[in-house]
Participant: 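Sharing a structure, written as structure tokens. Questions coming.
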Amino acid sequence: MFSKFRDRKLVEKVTQKIEEESKGITVRIMHVCGTHEWTITHFGIRDLLPSNVEVVAGPGCPVCVTPGSEIDMIAELSTKDGVAVTTFGDVIRVPGTRTSLSEAKARGGDVRLVYGIEEAVRIARQERKKEVVHFSIGFETTAPMAAVEILKGPPENFSIFSTHKLIPPAMEFLLKSGLSLDGFICPGHVSTIIGVKPYRGLAERYRKPMVVAGFEPLDVLLGILSIVRQVKEGGWGVENEYTRAVREEGNVIALKAIGDVFEVADSWWRGIGRIEASGLKLRGHFEEFDASKKFGLEAPPADYMPEGCGCGEVLKGVIKPEDCPLFGKECTPNHPIGPCMVSLEGTCSIIYKYRSLRW
Amino acid sequence: MLFKVSVLCLAIPAKVVRIEGDRAEIEIGGVKREASLALVADAGVNVGDYVLVHTGYAIAKIREDEAEEILKAWKEVLAEG
Ligand code: SF4
């Protein structure tokens, strides 16, 4: 069913059109999703674009933007008696400022990988003597699952350490900071939840075109074409190219669950800094499930990046991974130095692994 | 490969093969899994439909007709010259 969005003829036509329409202008587009970077790198989309059209990756990797101090706290918590920490795949290898979850595990910490938060609740039900703390990380795509599980009423030995983050405030932060950007490819999966609406105000305020796009090569190329056309005409609308999954109003059930369980709070983005109203914390009446209250996990955020690591600049799209002096030398997926090389969604790791692959 | 692991902003298209209440059996590349339909309760998901699944939950029903529409519209734009 997805081959339609890989149609070579159409791909050729679209790239030709991008070249035509971008004659005489330069266009710098940012996407904010690890999966978009995967599509772009895996299918060699940058090679198909003329040199005056550039696509850069922004802070689209939740694991990469989680502060090192939060990693430290959760890693140390996992080594406490009677506590088990659950989390997703690549989170465990990410270095904090002092330690990582995998280091804590090696020291005897109880760290378990789960496929989803549902599994974490199940563990809490089965092991009532353990305090099961779920490291609840992710953007708007992942927050609804946490909200639904909290609303279902987990057992009292279950809690979450929420480090959920919101994408539109981060986009606004980057726009405000004056980075040279002409438009955004908006994250498809985040948008299935939040819909198209949140981008409308942003596009209007900063006069930048934005396109919600899916994850096939044509999705991304059509998004680029649409932004190029708008830049050429001096427009700044919001378009939804990914209508097969994204509705204008988003997923209303998910949004309601998020609103019932979480409130918006300022949040610290690793490598970027504090962004106003860009995070989600549990509302007061769910305090009993809030690990930061239960275990007193309130450390000041420390914006630590390993020495020489350019992740902060990579996350803002200021430099490309290849511009980092450590890329591919000291820093590789097998010996990652910064979070952008550790996480499977990190720009450095994706570019390192897939840049030589072509379809 | 990216799709083997649960990655945080990734959602995978999966075919619904069985539905029981708000649970579904889904198939991703020949592998069967379970997913919750709680977040797409208003989308009218039926057996045979495709849904996007993220960390054990379906988050959107994929609407094939919309895919056709969008491609048709773009083909017209591209034909314009
Ligand atoms: S290549 Fe490694 S050291 Fe350089 S920015 Fe990426 S993660 Fe950091």
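In what follows, every heavy atom counts, from backbone to side chain, and hydrogens, waters and symmetry copies are set aside. Letters go in sequence order (proteins before strands), and every chain restarts at 1.
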Participant: Given that the side chain runs from C-beta out, which part of B/Glu68 has a heavy atom under 4.5 Å from chain A: side chain, backbone, both or neither?
Facilitator: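 The side chain, not the backbone.
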Participant: Less than 6.0 angstrom from the centroid, inside 45 degrees of the normal: does A/Arg244 satisfy that with respect to the ring of B/Tyr50?
Facilitator: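 No - A/Arg244 does not lie over the ring of B/Tyr50 by the 6.0 Å and 45° rule.
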Participant: Heavy-atom cut-off 4.5 Å, strictly under: side chain, backbone, both or neither for B/Ile59 against chain A?
Facilitator: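 Looking at B/Ile59, backbone and side chain both touch chain A.
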Participant: Please state whether the side chain, the backbone, both or neither of B/Ala73 comes within less than 4.5 Å of a heavy atom of chain A.
Facilitator: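 For B/Ala73, there is no contact with chain A at all, as no heavy atom is under 4.5 Å.
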Participant: Hey, does A/Leu10 have a side-chain heavy atom less than 4.5 Å from the side chain of B/Leu71?
Facilitator: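 Yes, side chains in contact.
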Participant: Answer with side chain, backbone, both or neither: which region of A/Ser349 has an atom nearer than 4.5 Å to a non-hydrogen atom of chain B?
Facilitator: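 It is neither, since no heavy atom gets under 4.5 Å.
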Participant: About how many Å separate CG of B/Leu52 and CZ of A/Phe215, when rounded to the nearest 0.5 Å?
Facilitator: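 The CG atom of B/Leu52 is 8.5 Å from CZ of A/Phe215, to the nearest 0.5 Å.
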Participant: As an exercise, state the distance from OH of B/Tyr57 to OG1 of A/Thr141, rounded to the nearest 0.5 Å.
Facilitator: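 So the OH of B/Tyr57 and the OG1 of A/Thr141 are separated by 15.0 Å.
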Participant: Output, in order, the C-alpha distance, side-chain angles, deciding distance and verdict of side chain to side chain contact (heavy atoms under 4.5 Å, CB included) for A/Phe5 and B/Ile70.
Facilitator: CA-CA 11 Å; A/Phe5 286 88; B/Ile70 223 72; 4.2 Å; yes
Participant: Based on non-hydrogen pairs under 4.5 Å, which of A/Arg247, A/Lys13, A/Gln16, A/Glu119 is most in contact with chain B?
Facilitator: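 The answer is A/Arg247.
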Participant: Any donor-acceptor pair under 3.5 Å linking the side chain of B/Arg63 with the backbone of A/Ala245?
Facilitator: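 No, the answer is negative, given that no donor and acceptor are paired below the 3.5 Å cut-off.
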Participant: About how many Å separate OH of A/Tyr115 and CZ of B/Arg33, when rounded to the nearest 0.5 Å?
Facilitator: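 Rounded to the nearest 0.5 Å, the CZ-OH separation comes out at 4.5 Å.
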Participant: Select one option (side chain, backbone, both, neither) describing which atoms of A/Asp219 are under 4.5 Å from chain B's heavy atoms.
Facilitator: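 Contact with chain B is absent: no heavy atom of A/Asp219 under 4.5 Å.
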Participant: Is it the backbone or the side chain of B/Leu39 that comes under 4.5 Å from a heavy atom of chain A, or both, or neither?
Facilitator: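 Both the backbone and the side chain of B/Leu39 come within 4.5 Å of chain A.
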Participant: Looking only at heavy atoms, which two atoms of A/Glu118 and B/Gly56 are closest? And how far apart?
Facilitator: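 Result for this residue pair: OE1-O, 4.4 Å.
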Participant: Side chain from CB out, backbone as N, CA, C, O: work out which of these in A/Glu241 comes under 4.5 Å of a heavy atom of chain B, or both, or neither.
Facilitator: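 Both backbone and side chain.
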Participant: Once you round to the nearest 0.5 Å, how far does CD1 of B/Ile62 lie from OG1 of A/Thr243?
Facilitator: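 The distance works out to 11.5 Å.
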Participant: Taking atom NZ as the centre, does A/Lys9 end up with more than 12 heavy-atom neighbours from other residues, nucleotides or ligands that are less than 6.0 angstrom away?
Facilitator: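 No, the 6.0 Å shell around NZ holds no more than 12 heavy atoms from other groups.
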Participant: Is A/Leu113 in contact with chain B via its backbone, its side chain, both, or neither, using a 4.5 Å heavy-atom distance?
Facilitator: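 Contact with chain B: none, neither part.
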Participant: Side chain to side chain contact (heavy atoms under 4.5 Å, CB included), that's the test. Do A/Val14 and B/Leu78 meet it? Break it down for me.
Facilitator: CA-CA 7 Å; A/Val14 177; B/Leu78 293 165; 3.8 Å; yes
Participant: Mind listing the closest non-hydrogen atom pair of A/Phe88 and B/Thr55 along with its distance?
Facilitator: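 Smallest heavy-atom distance, with atoms named: CE2-CG2, 3.9 Å.
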Participant: Nearest 0.5 angstrom please: B/His54 NE2 to A/Ile193 CD1, how far?
Facilitator: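 The CD1 atom of A/Ile193 is 8.0 Å from NE2 of B/His54, to the nearest 0.5 Å.
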Participant: Identify which of A/Ile117, A/Leu225, A/Val252 forms the greatest number of heavy-atom pairs closer than 4.5 Å to chain B.
Facilitator: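 If we count pairs closer than 4.5 Å to chain B, A/Leu225 comes out on top.
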